[in-house]
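The structure appears below as structure tokens.
In the text below, chain A, chain B and the rest are named by the order of the sequence lines, each starting its count at 1. Everything numeric in this text was worked out from a predicted model, so none of it was measured.
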Amino acid sequence: MLIPKEQWKPADGIELEKNAEIVVKSNCNYLVIAGPGSGKTELLAQRACFLLQTGICYSPKRILAISYKKEAAKNLAERVQKRCGQKLANRFVSLTFDAFAKSLLDRFLYGLPEVYRPDVNYDINPSVLREGKRSILLRFEGKEPKHLLTGDYVDGIHSLSIENIINKKMTDKKLPFNNEPNNLEEWMINELWKLFLKGDKDFKPALTFPMISRLAEYILRENPFVLKALRATYSHVFLDEFQDITGVQYDLLKTCFLGSNAVITAVGDNKQRIMEWAGALRNSFELFEKDFNAQRINLLMNHRSAPRLVELQKVFIKEAFGEKIDLSDLKIENSKKWSKDDGICEVWIFNDYIKEAQILSENIKKWLNSEDLSHRDICVLVKQRPSKYTNMLIKTLAENSMNARDEGEVSDLLNEEIIQFIINLFSLALNINGNNSYTFVYDFIKILNGYDDDTPERFLIKLESEITELLRFANEKLLKIDNQKQIVELYKIIIRYLKMDRLISYFPQYRNTAWFNDLMNKSIKLLWNEFEITNNWSKAITNFIGINSIPIMTIHKSKGLEYDTVVFIGLEDSAFWSIKNQPEQDTCAFFVALSRAKRRVIITFSKYRDVGANPCQTAENVKKFYELLAKSGIVEYRDFM
DNA sequence: CCCTTTAAGCTTTTT
DNA sequence: GCTTAAAGGG
């Protein structure tokens with residue numbers, strides 16, 4: 001059953017580059033610098049296979065893989081299962097950082113001292129954080145201890161920045177917090193911890209994710225047995241997108257595994273470090289090398305982009321990142337699947353955003369029709385505020401019967417299990433050729449019923465007829481719907497059929513009623529919107545899923561994704577206003593945008609754009625980017641003015 | 001109530 | 001760095 005180490009070969013005939021193979025078979029901590037398209041998911045999947053198939057990670061030991069996005073965690077798990085089969089993949093645990101921290105907290109809640117123990121029914125992110133943090137402050141008005149009202153704090157809690165306290169200060173330091181506060185800010189931090197942990201008559205206990213990580217870290221530090229159990233479980237740890245790790249998360253990582261026998265493989269790219277403003281550590285690579293005695297190694301292949309785009313990326317790296325960059329960054333090679341002239345990068349200059357939208361629409365139409373691209377092969381990127389920058393384009397595309405939409409608005413919604421269920425149910429009810437819809441709906445209801453493969457067949461047969469009846473009912477109702485309220489009714493009937501308590505027991509996140517209702521309302525609104533436009537339920541569902549719309553998103557959202565053609569709208573000062581405060585991060589952001597494309601990048605500049613009171617756009621501050629593009633000799637400039 | 005001044009949001013993820 | 005929302009003063 002086990003494969004000897006020397007005989008092990010990468011699964012599915014995949015060829016790994018030399019450095020990737022070194023990491024896959026390594027037995028020490030590595031920091032893998034993996035640029036765009038270098039195949040880091042594949043590297044981690046192959047390493048998982050190597051460890052499991054050779055028995056280096058032997059049963060019951062497990063591999064813990066930590067990502068940042070649910071989607072990334074899911075993709076990696078699926079890849080491992082595909083490469084080495086379900087049985088071995090059962091010992092591959094792929095989680096997001098927050099899911100990992102939360103699972104520790106939920107399992108070992110009672111390992112916390114009473115003061116720090118959250119109510120077992122805590123919510124995540126109190127709704128009040130969204131509605132107005134100031135209202136939290138008000139409940140402490142006048143209760144400030146008199147002796148702390150000195151110096152900067154004579155005005156009491158009003159002199160505090162509540163935003164800063166909740167987002168940063170509360171989780172700045174490891175627990176425990178100082179029980180005898182020396183100033184008003186410390187007092188406020190303590191009061192907020194108590195309120196969030198325990199709640200009161202009009203505040204439901206609710207934690208933020210950084211708080212959860214701090215609590216999990218505290219449990220492990222205070223309970224040697226829990227720590228020992230964790231370390232006994234995982235022999236190997238993978239850390240994806242390591243450039244994004246926050247200080248809070250790094251502390252948790254150290255408490256978990258520093259000084260243990262776990263072999264850690266961290267993968268990341270400092271050229272894509274765009275999350276510093278949200279707390280990502282600037283020096284995570286150096287810290288990891290030092291603390292964990294990790295070796296640094298670079299991947300040199302770019303499997304994604306066409307040769308001319310790889311060349312452009314290299315020029316960009318060399319000129320924009322300067323001496324900070326490892327020399328091997330300039331040795332990147334492109335994949336053999338391209339011919340050497342492949343790859344297009346153009347800068348399109350417009351007088352106004354109306355012309356910009358027209359020209360883009362014409363070209364997108366051409367790409368869709370004559371280049372055989374599908375909507376999902378194209379992506380429209382913006383630095384921030386997608387709606388502001390792409391309003392006109394969406395309108396113009398619609399006038400030419402093409403769809404584009406802000407993917408950020410809907411992607412989380414569409415990925416929720418309950419929404420997936422509803423989509424699949426409606427697709428089936430309307431006889432849309434969904435490939436796996438029936439399996440999805442059947443399995444979903446089967447699980448909720450607590451059925452498995454040992455369940456007597458008569459129950460399963462009954463279940464099938466129940467589903468048939470549900471589909472018939474949904475079909476009948478859907479076809480009669482002529483206002484939004486009737487969709488609400490249909491949703492209610494479906495949820496009542498599924499039973500909320502059963503839903504919650506399998507998807508505990510839906511315990512948060514406000515969030516669940518929000519999901520429902522958003523999807524109803526979106527669905528109704530699509531129906532109003534199309535007046536056809538099949539089309540409405542297809543549009544709701546977005547198969548026929550071009551995704552629009554921010555650069556941040558696009559990280560980790562790839563598209564044949566990338567249209568970056570608005571390489572302008574007003575879009576990159578932050579370039580003065582955070583030049584490195586904005587350079588990284590532009591690099592991320594550039595490197596999403598497999599074959600073609602179009603970058604636009606419009607002299608006039610309605611993004612604010614001053615429509616006249618400049619490119620003084622982003623001049624650096626234009627100079628770089630021009631210098632490469634690869635980019636073609638087209639003037640549409 | 002209106003005008004002026006100040007502060008916050010922008011770019012994210014996570015159950 | 002610029003826009004918009006909230007707060008403060010007369």
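Taking 4.0 angstrom as the limit, A:K557 places a side-chain polar atom (N or O) nearer than this to OP1 or OP2 of B:dT13. Applying the 4.0 Å criterion to OP1 and OP2 of B:dT12, one finds that A:T554 has a side-chain N or O inside that range. Here A:K383 does not reach the OP1 or OP2 of B:dT11: none of its side-chain N or O atoms lies under 4.0 Å away. Side-chain N/O atoms of A:S574 include none lying less than 4.0 angstrom from OP1 or OP2 on C:dG1. For B:dT12, the OP1/OP2 oxygens have no side-chain nitrogen or oxygen of A:K559 closer than 4.0 Å.
As a whole-Å value, the separation of A:R107 CZ from B:dT15 C1' is 18 Å. Rounded to a whole Å, the CD1 atom of A:I555 is 9 Å from the C1' atom of B:dT11. As a whole-Å value, the separation of A:E71 CD from B:dT15 P is 13 Å. Rounding to whole angstrom units, CZ of residue A:R214 and C1' of B:dT14 are separated by 16 Å. Regarding A:K168, its NZ atom lies at a distance of 13 Å from the C1' atom of B:dA8, rounded to whole Å. Nucleotide B:dT14 holds its C1' atom 15 Å from the CE atom of A:M211, rounded to whole Å. Distance, A:Y122 OH to B:dT14 P: 16 Å, rounded to whole Å. To the nearest angstrom, C1' of B:dT14 lies 9 Å from CD of A:Q249.
A tilted orientation is assigned to the rings of A:F316 and A:F590, their planes being inclined by 30° to 60°.
Here C:dT3 is the nucleotide among B:dT11, B:dT14, C:dT3 with the atom lying nearest to any side-chain atom of A:K388.
Defined by atom type and a distance below 3.5 Å, a donor-acceptor pair is present between the side-chain atoms of A:Q384 and A:W577. Looking at A:K624 and A:T587, their side chains do bring a donor and an acceptor atom within 3.5 Å of each other. For the residue pair A:Y218 and A:T255, no side-chain donor N or O sits within less than 3.5 Å of a side-chain acceptor on the partner. Inspection of the A:Q582 and A:E584 side chains reveals no N or O donor paired with an N or O acceptor under 3.5 Å. Defined by atom type and a distance below 3.5 Å, a donor-acceptor pair is missing between the side-chain atoms of A:E407 and A:S411.
DNA chain B is contacted by both A:Q384 and A:Q509; A:Q384 maps to the nucleotide lying nearer its 5′ end (nearest heavy atom per residue). Positionally, the nearest nucleotide of DNA chain B for A:R385 lies more toward the 5' end than for the other of A:R385 and A:D412.
Rounded to a whole angstrom, the distance from the C1' atom of B:dT13 to that of C:dC2 is 26 Å.
Using a 4.0 Å heavy-atom cutoff across all strands shown, A:A99 reaches sugar-phosphate atoms only and no base atom. Residue-level contact check: A:Y68 touches the backbone only, with heavy atoms under 4.0 Å from sugar-phosphate atoms and none from bases.
Near-neighbour residues of DNA chain B inside residues 270-283 of chain A, defined by a heavy atom below 4.0 Å, number-ordered: A:M275, A:W277, A:A278.
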Canonical and wobble pairing (Watson-Crick, G-U, under 3.5 Å) of DNA chain B, dot-bracket with |: ||||||||||.....
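Cation-pi geometry between A:R273 and A:F285 is met: the NZ or CZ atom falls under 6.0 Å from the ring centre, inside 45° of the normal.
Taking the six-membered ring for Trp, A:F444 and A:F507 have ring centres closer than 6.0 Å. Not less than 6.0 angstrom separates the ring centroid of A:F196 from the ring centroid of A:Y122. A distance below 6.0 Å separates the ring centres of A:F321 and A:F591.
By the stacking rule of 5.5 Å between ring centres and under 30° between planes, A:W577 stacks on the base of B:dC10.
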